[in-house]
Amino acid sequence: MSAPLIADRLAHRLNWQDLDPLAIAGLIQLARLEDLQGHGLSAPPAQKGDVTSAVIQSGSKLASARLMAREDLVTCGIPMVQMVLDAYGEGALFQPACVDGTACAKGDLLGTLTGPSKVILEAERVLLNFLQKLSGVSSLTAEYVKAMGDSRTRLLDTRKTTPGFRVLEKYAVACGGGFNHRIGLFDRVMLKDNHLAADEAGSGEALARLVISARQRWPELVIELEVDRLDQISPSLDAGVDVYLLDNFTQPDLHAAIDLIGEKAATEASGGITIESLATLAAVGLDFISTGATIHKSTWKDIGLDWDE
């Protein structure tokens with residue numbers, strides 16, 4: 001298989017249907033229990049539930065509220081809003097005004113909520129937390145993708161994710177225009193520096209042996225090899241590597257590595273990637289650039305829930 005075909009095979013974006021609704025519902029329930037019952041505290045609180053909303057006499061009265069973008073953003077988490085409302089009670093409905101991946105301007109309507117005021121009040125913070133966090137990831141990813149211009153190089157995420165939120169954060173990267181690297185340790189053989197050190201496989205010949213062994217054991221999986229020197233590439237070129245991860249290579253060495261690898265494998269640059277360096281790297285001719293920054297450097301977006309009078 002040629003390098004372009006390998007790259008196309010790996011260019012995957014999670015969509016909402018790829019996510020397990022039971023796993024998402026479990027995260028929502030955990031967030032709900034934190035808010036209503038102090039889940040995670042060693043001593044349970046004396047009072048449970050929303051003690052503030054309990055003093056409101058019209059909790060069953062139908063109400064209406066609007067989700068609004070208070071700054072420019074790319075949306076992510078819209079399908080979760082109804083799931084959060086359902087976790088807090090019956091009768092509350094969400095009518096979305098956009099879909100995930102939509103570029104919204106400050107002041108744009110994201111959707112309308114109607115239903116019992118008690119349900120909306122209790123669910124407000126949790127549904128905003130999910131939306132603001134995930135929209136922060138999708139929005140920063142969109143900025144990184146834009147910085148790459150019209151290059152054929154694709155932007156990948158990494159496994160640097162919030163524990164428990166991996167599939168949601170990777171989905172948010174996809175909503176922002178990025179692509180998803182491996183989901184976990186199970187779906188790709190990825191021989192990195194620590195694996196090589198643990199196996200004492202520092203030489204190119206030793207790397208080749210590891211690749212051959214991996215190919216024999218997992219013939220159906222993609223095999224990726226991390227290298228940090230040019231001299232590690234040649235001995236492993238015919239061993240069955242699908243992707244070379246070129247870790248912290250200088251720009252001249254990236255050019256040399258791409259020429260050396262040719263059509264035998266796809267190429268991925270990683271390490272020290274910044275939004276300022278993306279345009280230059282995207283012009284080198286790589287298949288992929290991977291960075292965890294779109295997740296771990298993202299900031300929450302300002303989304304408000306405005307109550308209708």
>> As an exercise, state the distance from CD of Glu143 to CG of Leu140, rounded to the nearest 0.5 Å.
In response: 5.5 Å
> Going through the distances and angles, do Glu224 and Val241 end up as a side chain to side chain contact (heavy atoms under 4.5 Å, CB included)?
Replying inline: CA-CA 6 Å; Glu224 183 162 3; Val241 176; over 6 Å; no
>> Are Leu207 and Leu191 packed together at the side-chain level, in the sense that at least one heavy-atom pair is separated by less than 4.5 angstrom?
In response: no
>> Around atom CD of Glu34, are there more than 12 heavy atoms from other residues, nucleotides or ligands closer than 6.0 Å?
In response: yes
> Under the 4.5 Å side-chain heavy-atom rule for ILVMFWY, direct or indirect, which residues accompany Trp300?
Replying inline: none
> Of the non-hydrogen atoms in Phe179 and Ala11, which two are nearest, and what is the gap between them?
Replying inline: CD2-C, 3.6 Å
>> Show every salt bridge (Lys or Arg N to Asp or Glu O under 4.0 Å) that has at least one partner inside residues 283-296, sequence neighbours left out.
In response: Arg152-Asp287
>> Show the nearest heavy-atom pair for residues Thr114 and Ser64, with the distance to one decimal.
In response: CG2-OG, 3.9 Å
>> What I'd like to find out is whether the side chain of Leu134 reaches to under 4.5 Å of the side chain of Met80, using heavy atoms alone.
In response: yes
>> If you define the side chain from C-beta out and look only at heavy atoms, does anything of Ile303 sit under 4.5 Å from Ser135?
In response: yes
> Which atom names give the shortest non-hydrogen contact between Ile233 and Tyr244, and what distance separates them?
Replying inline: O-OH, 3.5 Å
> What pairs meet the salt bridge (Lys or Arg N to Asp or Glu O under 4.0 Å) rule with one or both residues in residues 253-262, with sequence neighbours excluded?
Replying inline: none
>> With heavy-atom distances below 4.5 Å as the criterion, would you say the side chains of Val227 and Leu245 are in contact?
In response: no
> Looking at residues at least two apart in the chain, or sitting in another chain, which of them share a side chain to side chain donor-acceptor pair (under 3.5 Å) with Asp35?
Replying inline: none
> Do Arg66 and Asp108 sit within salt-bridge range, that is, some charged N less than 4.0 Å from a carboxylate O?
Replying inline: no
>> By the definition side chain to side chain donor-acceptor pair (under 3.5 Å), identify the one residue from Asp18, Asp157, Thr158 that meets it with Lys170.
In response: Asp157
>> Using the ring-ring contact (aromatic ring centres under 6.0 Å, His included) criterion, which residues pair with Tyr171? Sequence neighbours excluded.
In response: Trp16
> Under a 4.5 Å side-chain heavy-atom rule over Ile, Leu, Val, Met, Phe, Trp and Tyr, are Ile120 and Val51 clustered together?
Replying inline: no
>> If the threshold is 4.0 Å, N to carboxylate O, is there a salt bridge linking Arg182 and Asp187?
In response: no
Taking distance alone, no hydrogens or angles, what donor-acceptor pairs closer than 3.5 Å link side-chain atoms of residues 84-94 to residues at least two apart or in another chain?
{"from": "Asp86", "atom 1": "OD1", "to": "Gln82", "atom 2": "NE2", "distance (Å)": "2.9"}

> Under a 4.0 Å N-O cut-off, is there an ion pair linking Asp247 with Arg229?
Replying inline: no
>> Working to the nearest 0.5 angstrom, can you tell me the gap between Met148 CE and Ile275 CD1?
In response: 11.0 Å
>> Show every salt bridge (Lys or Arg N to Asp or Glu O under 4.0 Å) that has at least one partner inside residues 125-136, sequence neighbours left out.
In response: Lys133-Glu169
> In Å, rounded to the nearest 0.5 Å, how long is the span from NZ of Lys192 to CG of Asp228?
Replying inline: 11.5 Å
> With hydrophobic residues grouped by side-chain heavy-atom distances under 4.5 Å, do Leu19 and Val126 end up in a single group?
Replying inline: yes
>> Check for me, please, whether Ile28 and Leu127 land in the same ILVMFWY cluster - side-chain distances under 4.5 Å, paths through other members count.
In response: yes
> Could you state the interatomic distance from CD1 (Ile24) to CE (Met83), rounded to the nearest 0.5 Å?
Replying inline: 6.5 Å
> Any side-chain heavy-atom pair from Thr294 and Leu155 closer than 4.5 angstrom?
Replying inline: yes
>> Can you tell me how far apart CD1 (Ile289) and CG (Leu254) are? Round to the nearest 0.5 Å.
In response: 9.0 Å
>> Any heavy-atom pair between the side chains of His255 and Leu260 that's under 4.5 Å?
In response: no
> When Ile, Leu, Val, Met, Phe, Trp and Tyr are grouped by side-chain heavy atoms lying under 4.5 Å apart, directly or through other members, which residues fall in the same group as Val173?
Replying inline: Val137, Ile295
> In Å and rounded to the nearest 0.5 Å, what is the CZ to CE distance from Arg159 to Met190?
Replying inline: 8.0 Å
> When you look at Leu305 and Leu113, which way does the side chain to side chain contact (heavy atoms under 4.5 Å, CB included) test go after all the steps?
Replying inline: CA-CA 9 Å; Leu305 193 150; Leu113 297 84; 4.2 Å; yes
>> Between Lys118 and Asp50, does any side-chain N to carboxylate O distance fall below 4.0 Å?
In response: no
> Can you name the side chain to side chain contact (heavy atoms under 4.5 Å, CB included) partners of Ser277, sequence neighbours left out?
Replying inline: Ile273, Thr274, Leu281
> Side chains of Ser290 and Ser270: is there a donor and an acceptor less than 3.5 Å apart?
Replying inline: yes
> Hydrophobic cluster mates of Ile212, side-chain heavy atoms under 4.5 angstrom, ILVMFWY only, any path?
Replying inline: none
>> Tell me whether Leu210 shares a hydrophobic cluster with Leu225, the cluster being built from Ile, Leu, Val, Met, Phe, Trp, Tyr side chains joined at under 4.5 Å.
In response: yes
> Got Ile258 and Val284 here, is their nearest side-chain heavy-atom distance under 4.5 Å?
Replying inline: yes
> Between Arg9 and Val222, is a side chain to side chain contact (heavy atoms under 4.5 Å, CB included) present by the stated rule, with each step listed?
Replying inline: CA-CA 10 Å; Arg9 175 189 171 193; Val222 170; 3.9 Å; yes
>> Ignoring hydrogens, what is the shortest heavy-atom contact between Ala269 and Leu286? Give both atom names and the distance.
In response: CB-CD1, 3.5 Å
> Minimum heavy-atom separation for Phe165 to Leu27, with atom names?
Replying inline: CE1-CD2, 4.2 Å
Identify every side-chain donor-acceptor pair in residues 67-78 under 3.5 Å, counting partners at least two apart or on other chains, and give the distances.
{"from": "Arg70", "atom 1": "NH2", "to": "Asp306", "atom 2": "OD1", "distance (Å)": "2.7"}
{"from": "Glu71", "atom 1": "OE1", "to": "Lys301", "atom 2": "NZ", "distance (Å)": "3.4"}
{"from": "Glu71", "atom 1": "OE2", "to": "Asp302", "atom 2": "N", "distance (Å)": "2.7"}
{"from": "Asp72", "atom 1": "OD1", "to": "Lys106", "atom 2": "N", "distance (Å)": "2.9"}
{"from": "Thr75", "atom 1": "OG1", "to": "Val99", "atom 2": "O", "distance (Å)": "2.8"}
{"from": "Thr75", "atom 1": "OG1", "to": "Gly101", "atom 2": "N", "distance (Å)": "3.3"}
{"from": "Thr75", "atom 1": "OG1", "to": "Thr102", "atom 2": "N", "distance (Å)": "3.1"}
{"from": "Thr75", "atom 1": "OG1", "to": "Thr102", "atom 2": "O", "distance (Å)": "3.4"}

>> Closer than 3.5 angstrom, by distance alone: can the side chain of Arg215 be matched with the main-chain N or O of Leu221 as a donor-acceptor pair?
In response: yes
>> My understanding is that only residues two or more places apart in sequence, or in another chain, count here; which of them pass side chain to side chain donor-acceptor pair (under 3.5 Å) with Arg32?
In response: none
> Do Glu268 and Leu156 touch side chain to side chain, with heavy atoms closer than 4.5 Å?
Replying inline: yes
> Is it true that Val167 and Leu30 fall in one hydrophobic cluster, defined by side-chain heavy atoms closer than 4.5 Å?
Replying inline: no
>> Ignoring hydrogens, what is the shortest heavy-atom contact between Thr141 and Gly177? Give both atom names and the distance.
In response: CG2-N, 4.4 Å
> Does the side chain to side chain contact (heavy atoms under 4.5 Å, CB included) test come out yes or no for Trp218 and Ile223, once each step is laid out?
Replying inline: CA-CA 9 Å; Trp218 309 110; Ile223 296 178; over 6 Å; no
